[in-house]
There are 2 protein chains.
Amino acid sequence: MQGIAEVSNLGAPPPSDDSLLARIRELVLGGTYSPGEPLSEIFLAQQFDVSRTPVREALKQLEREGLIEIRPKVGTYVREPTKREIVELFQLKEGLEGLAAGLMARRGRTPSLEFLEKNVKASEAAAAARDSERYAQLVHEFHWALVNGSDNTKLVEHYKLLMNQLAFHRLVLKTVENPLRISASSGEHRLVLQMIQDKDHFGAEAAMRNHVYASARELLGGHRDA
Amino acid sequence: MQGIAEVSNLGAPPPSDDSLLARIRELVLGGTYSPGEPLSEIFLAQQFDVSRTPVREALKQLEREGLIEIRPKVGTYVREPTKREIVELFQLKEGLEGLAAGLMARRGRTPSLEFLEKNVKASEAAAAARDSERYAQLVHEFHWALVNGSDNTKLVEHYKLLMNQLAFHRLVLKTVENPLRISASSGEHRLVLQMIQDKDHFGAEAAMRNHVYASARELLGGHRDA
DNA sequence: CCGCTATTCCTTGCATACAAGAACACTACG
DNA sequence: CGTAGTGTTCTTGTATGCAAGGAATAGCGG
């Protein structure tokens, strides 16, 4: 039995207690509502047994996150993201995760680094075992551990925002079950880890960006604008 | 006489029409309220002749931007940012602006590039004339033009958020009036421009990051964590 | 004089009533 | 048959009333 956890989830996004916002977001992310579908305040209020006021606050935030569109005096709709936006988000992801890798590489031995080491080992095992589901989960944790390991709370916040926008399309986490890609991905993770261990912040950033780029390329179908 | 502007402000942040939010933000940024000072909903509502509801929405957003702190059932206060947060924000700034420079360098000739060319020339003139006020304005425009020139709307959004948090401390825009630094800064701008003109996205990113780092170092007093 | 307690006043949080605008359907007219 | 006009009904936007909780203060007991 454990008391209060001394070290919080290194491989997970920071918790956000705003439960109503999270629940409505889950509704959009989970695919309960399709893009273009109206999202009535009154209905949501009844659904969650609260008044319109807190629902409105949550919707306003979701609009800022880019998940929905509020047309004044008309209605609220689930947004249909353009392909261009997705590419833009991946470019940003590349930049932020690369930055995080570089920052982490400057830090020396930290709990995050140890977490990463275990994660990479487990990843390689999962890859060898062809357990793509577990591999996907480990990949997810790898990226979060890296960003958390940057020790930059503002970077983490922006990354969280970014991932909320990306999670939308259910592109992330759904690791491509291509054995070749999994193998390559696993190697890229190890390379990033190696660079961090060597405190090569420049190399770590480059390796991480290359990895994100390769993953995005796989997901998006091989083209990258500009 | 011009019709609808074909090209919007290349050297300025994108407009945000949410006037109440902007006005309250200006109150905080402008120094009307000092850190720690309470910011009553009722008072603000009277001040702007609206009800508490829209004020609350604006405050909630300002809290998400990190400018204020809402303590439930207690009060709303202007936040006192820690030095660490400022350093974190500058690290992020370096990453985002570097990314933008790299993206812009891939794009070839664009209106943004032409704007940047004129900006650098004007900057050098202002530097030579020791007109530090005009120089500060041109620096501001340089950075915004560069980010806008990345052609990545999501990057611009995140950058805007970041700058809202930074503008807070009135550290930005208040260019250090050190002639030596101005001269160096001007040279760094030209270098970035050169790299973009040469379509050297790698060099452009590096040059921009170096520039941001140098500026931050000057502003923050020479130390950088990790 | 000091410590404790209860009360009062302050804040934000939530629910609801009302206002305003936009979309749509229906009707009347060309 | 098409079209312009109008009225209804939906939506969100705003104002306000009430509830709940925290903080400070005044009063009381030691």
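A note on names: the letters A, B, ... follow the listed sequences, proteins ahead of strands, and every chain is numbered from 1.
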Starting at the 5' end of DNA chain D and moving along, which residue's nearest nucleotide shows up first, A/G75 or A/T53?
-> A/G75
Is there a side-chain polar atom (N or O) of B/S51 under 4.0 Å from OP1 or OP2 of D/dT14?
-> no
Take atom CG of B/D49 and atom C1' of D/dT14, then tell me their distance rounded to the nearest Å.
-> 12 Å
Calculate the interatomic distance between A/K60 atom NZ and D/dT11 atom P; express it in whole Å.
-> 19 Å
Do A/R106 and A/D151 meet the salt-bridge criterion of a basic N to acidic O distance under 4.0 Å?
-> no
Could you check how far CD of B/E41 sits from C1' of D/dA15, rounded to whole Å?
-> 14 Å
Contact class for A/L59 (heavy atom, under 4.0 Å): base, sugar-phosphate, or nothing?
-> nothing
B/I42 CD1 to C/dC9 C1', straight-line distance once rounded to whole Å = 12 Å
Map B/I70 and A/P72 onto DNA chain C by nearest heavy atom, then report which one ends up closer to the 5' terminus.
-> B/I70
Residue list, salt bridge (Lys or Arg N to Asp or Glu O under 4.0 Å) with B/E141, at least two apart or on another chain = none
Tell me whether the OP1 or OP2 atom of D/dA15 has a side-chain N or O from B/R52 closer than 4.0 Å.
-> no
List the atom of B/P13, the atom of B/H140, and the distance in Å for their closest heavy-atom pair.
-> CD-CE1, 4.4 Å
A/E57 CD to C/dG13 C1': how many Å, rounded?
-> 8 Å
Tell me: CZ of B/F43 to P of C/dT12, nearest whole Å?
-> 13 Å
N/O donor-acceptor pair under 3.5 Å between B/N152 side chain and B/A100 backbone | no
Return no unless some side-chain N or O of B/T76 is found under 4.0 Å from OP1 or OP2 of C/dT12.
-> yes
Please state how far atom CZ in B/R71 lies from atom C1' in C/dT12, giving the value in whole angstrom units.
-> 12 Å
Mind running salt bridge (charged side-chain N to carboxylate O under 4.0 Å, His left out) on B/E114 and B/K118 for me, showing each step along the way?
-> CA-CA 6 Å; B/E114 285 168 22; B/K118 277 184 244 165; 5.8 Å; no
What integer distance in Å separates A/R56:CZ from C/dA15:P?
-> 15 Å
